[in-house]
Asker: 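Below is a structure I'd like to ask you about.
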Amino acid sequence: MLSSTASESGSQLDWSKGVQVAVGPLLPLLGLGMIANEIATSDVPIIGGGVAKGAIAGGGARLENLGASEITRIQNAANRSGQEISVVGSRAGGMAKPASDWDYVIDANAKTRNSLSSSLPGAGNTAEGIRPNLDVFKGQVDETRPFIRFFPE
């Protein structure tokens, strides 16, 4: 869950303090308390068949914490945009509940982040009355916390 309290900090993100957004404030994120012990690469299925080797998981996260269709959507968004996309928070850490939001870190300008957010899991569908359930932050990922990073191919 995100908090609305903010404080100023440097450009490097520290999940214990929060995530830097485009305008500079930090928003505290849920502390998952996991220590990075390995980074695992994995083959990622993509639409139309084939496999992308564009994802790593670290900080206690596992690629298996995401479903195949979610992996495909995120990898396709990374490929289409040429941007790295990281899933963080409870989804990456494998502790998500059905109503949990999606937290992403994309180190790109606001226009790119906004464009990408509409094609990622959690985007919702306003035409069907499904409210978006995601947060997209700008910055770098704290690799001591769970993360799953998708690289463009």
Asker: Not counting sequence neighbours, which residues clear side chain to side chain donor-acceptor pair (under 3.5 Å) with Asn114? List them please.
Answerer: none
Asker: What's the spacing between Phe150 CZ and Ser86 OG if we round to 0.5 Å?
Answerer: 9.0 Å
Asker: If you round to the nearest 0.5 Å, how far is OG of Ser100 from CG of Leu134?
Answerer: 13.0 Å
Asker: Is a side-chain donor or acceptor of Thr72 paired with a backbone partner of Ala68 at a separation under 3.5 angstrom?
Answerer: yes
Asker: How close do Val88 and Tyr104 get, counting heavy atoms only, and between which atoms?
Answerer: CG2-N, 4.4 Å
Asker: In Å, rounded to the nearest 0.5 Å, how long is the span from CD1 of Ile106 to OG of Ser117?
Answerer: 7.5 Å
Asker: Does Ile85 form a side-chain contact (heavy atoms from CB on, under 4.5 Å) with Phe151? I'd like the steps, not just the answer.
Answerer: CA-CA 7 Å; Ile85 300 173; Phe151 297 94; over 6 Å; no
Asker: What distance do Leu66 atom CG and Arg73 atom CZ have between them, rounded to the nearest 0.5 Å?
Answerer: 12.0 Å
Asker: Return the minimal non-hydrogen interatomic distance between Gly54 and Gln75, and the atom names on each side.
Answerer: O-OE1, 3.5 Å
Asker: Thr112: what forms a side chain to side chain donor-acceptor pair (under 3.5 Å) with it, not counting sequence neighbours?
Answerer: Asn109
Asker: According to salt bridge (Lys or Arg N to Asp or Glu O under 4.0 Å), does anything in residues 75-84 pair up with another residue at least two apart or in another chain? List the pairs.
Answerer: Glu84-Arg149
Asker: Where do Ala92 and Ala61 come nearest, in terms of heavy atoms and distance?
Answerer: O-CB, 3.1 Å
Asker: Could you measure the distance from the CD1 atom of Ile74 to the CG atom of Leu120? Nearest 0.5 Å is fine.
Answerer: 6.5 Å
Asker: Rounded to the nearest 0.5 Å, what's the gap from CD1 on Ile71 to CG on Leu63? Could you check?
Answerer: 4.0 Å
Asker: Work out which heavy atom in Gly122 is nearest to a heavy atom in Trp102; give both atom names and the distance.
Answerer: CA-CD1, 3.5 Å
Asker: Can you name the closest pair of heavy atoms from Asp103 and Asp135 and give their distance?
Answerer: OD1-OD2, 3.3 Å
Asker: So does Pro152 get a backbone contact from the side chain of Asn79, meaning a donor-acceptor N/O pair under 3.5 Å?
Answerer: no
Asker: My understanding is that only residues two or more places apart in sequence, or in another chain, count here; which of them pass side chain to side chain donor-acceptor pair (under 3.5 Å) with Asp107?
Answerer: Gln140
Asker: May I have all residue pairs that pass salt bridge (Lys or Arg N to Asp or Glu O under 4.0 Å) and include part of residues 86-98, sequence neighbours excluded?
Answerer: none
Asker: Residues two or more places apart in sequence or in another chain: which of them pass side chain to side chain contact (heavy atoms under 4.5 Å, CB included) with Asn133?
Answerer: Asp101, Arg131
Asker: Is any side-chain heavy atom of Ile56 closer than 4.5 Å to a side-chain heavy atom of Ile148?
Answerer: no
Asker: For Ser118 versus Ala123, what's the shortest heavy-atom pair and its separation?
Answerer: O-CB, 3.5 Å
